[in-house]
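Structure first, then comments.
Positions are given from 1 along the sequence.
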Amino acid sequence: MKINWNYIKMFVLLGLVVFLFAFASARNSVRTVSKPNVKFVGENNLFITNENVSKLLIQNFKGLINIPKETLVLNELENALKSNPMIKKAEVYVAVDGTLNAEIEQKSPIARVSTNESYYIDDDGFYMPLSHNFSARVPLVTGFVEKNDLKNIYIVANKVNNDEFLKKHVVEIRQGIDKDVYLKLRQCQFLVQLGDVAFLDKKINNLKAFYQKNLKEKTLDSYSKVNLQFDNQVVCTKI
């Protein structure tokens with residue numbers, strides 16, 4: 001009887017592959033998780049530290065280091081990180097060597113509320129607490145502002161954040177009790193009255209035209225108030 005060595009080789013090779021796979025799986029299942037490796041993505045990496053994130057991970061898994069990696073529930077860890085008001089996005093994964101990795105994107109503040117409580121408004125229009133690690137240079141928000149009603153302020157702050165002229169000149173956004181919004185410009189004595197946020201783009205264009213004309217004529221210091229709330233009009237009050 002002729003022995004088919006090709007079949008024997010194939011069965012031996014298959015058995016070896018199965019053995020190595022089972023061995024690797026068993027070894028991988030008992031591999032312990034190392035100290036978390038935290039990576040920050042995006043531009044704003046100043047408000048929460050590597051140590052803060054590591055502590056959050058450890059606290060939410062009751063001692064994360066040197067536990068079997070199979071016992072980790074990564075979704076729970078991600079949700080724990082996302083619950084932190086400084087964090088916008090979080091992704092947690094374990095590498096083959098057992099390293100626990102966390103990729104963190106922090107929130108981006110666009111305005112700082114300073115009323116009876118101080119906090120930031122982020123670029124999605126939500127509450128963001130102040131940081132002990134860093135203070136952002138963003139416009140100040142004053143007046144009558146409620147944490148659960150930031151819509152008008154967010155619309156104006158977002159416009160300021162995305163407009164080169166406004167970002168350079170606006171230092172304060174003020175909201176009146178009637179929800180009318182005012183702007184205070186850097187090195188200008190006058191107060192800009194926007195009124196409500198309707199037709200905001202048109203109002204800002206009128207403001208830019210007024211500013212450039214009076215800057216050229218060197219008359220910006222002649223006014224105490226610039227009212228933009230009327231359609232296609234700039235009503236100025238002289239000092």
Can a donor-acceptor pair be found between the side chains of [X] and [Y] at a distance below 3.5 Å?
| X | Y | result |
| --- | --- | --- |
| Asp122 | Ser108 | no |
| Gln189 | Ser224 | no |
| Lys88 | Gln106 | no |
| Asn162 | Asn158 | yes |

Asn79 side chain vs Asn75 backbone, donor-acceptor pair below 3.5 Å: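 At least one qualifying donor-acceptor pair exists.
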In terms of heavy-atom contacts, does [atom1] of [X] have more than 12 from other residues, nucleotides or ligands at under 6.0 Å?
| X | atom1 | value |
| --- | --- | --- |
| Arg186 | CZ | yes |
| Glu117 | CD | yes |
| Lys167 | NZ | no |
| Tyr223 | OH | yes |
| Glu217 | CD | yes |
| Lys208 | NZ | yes |
| Lys82 | NZ | yes |

Rounded distance [0.5 Å steps], [atom1] in [X] versus [atom2] in [Y]:
| X | Y | atom1 | atom2 | result |
| --- | --- | --- | --- | --- |
| Gln175 | Leu150 | CD | CG | 9.0 Å |
| Leu228 | Asn206 | CG | CG | 6.5 Å |
| Asn101 | Asn37 | CG | CG | 5.0 Å |
| Leu166 | Leu185 | CG | CG | 8.5 Å |
| Thr49 | Phe40 | OG1 | CZ | 6.5 Å |
| Leu140 | Lys184 | CG | NZ | 13.0 Å |

Which label fits Tyr211 and His169: parallel for a plane angle under 30°, tilted from 30 to 60°, or perpendicular past 60°?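 Because their plane-to-plane angle lies in the 30° to 60° range, the rings of Tyr211 and His169 count as tilted.
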Which pair of heavy atoms, one from [X] and one from [Y], lies closest together, and at what distance?
| X | Y | value |
| --- | --- | --- |
| Ser54 | Val38 | OG-CG2, 3.8 Å |
| Glu103 | Tyr93 | OE2-OH, 3.7 Å |
| Val138 | Pro109 | CG1-O, 3.6 Å |
| Ser135 | Tyr120 | CA-OH, 3.5 Å |
| Ala90 | Ile104 | CB-CD1, 3.9 Å |
| Ile87 | Leu81 | CD1-O, 3.3 Å |

Charged N to carboxylate O below 4.0 Å: is that the case for [X] and [Y]?
| X | Y | result |
| --- | --- | --- |
| Lys55 | Glu51 | no |
| Asp201 | Lys159 | yes |
| Lys107 | Asp124 | no |
| Asp180 | Arg174 | no |
| Asp196 | Lys203 | yes |

Checking Lys147 against Tyr127: charged group under 6.0 Å from the ring centre and within 45 degrees of the axis?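 Yes; both conditions hold, so Lys147 lies above the ring face of Tyr127.
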Ring centroid separation for Tyr119 and Phe126, is it under 6.0 angstrom?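 No, ring centres 6.0 Å or more apart.
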Same cluster or not: are Met128 and Val113 linked, directly or through other Ile, Leu, Val, Met, Phe, Trp or Tyr residues, by side-chain heavy atoms under 4.5 angstrom apart?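 No.
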Is there a side-chain contact (heavy atoms from CB on, under 4.5 Å) between Ile173 and Ile153? Walk through the geometry before answering. CA-CA 8 Å; Ile173 303 169; Ile153 292 296; 4.0 Å; yes
Among Asn227, Asn214, Leu220, find the one that has a side-chain contact (heavy atoms from CB on, under 4.5 Å) with Phe190.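 Result for side-chain contact (heavy atoms from CB on, under 4.5 Å) with Phe190: Leu220.
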When clusters are formed from ILVMFWY side-chain contacts under 4.5 Å, directly or step by step, what else is grouped with Ile177?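 For the cluster that includes Ile177, the remaining residues are Phe144.
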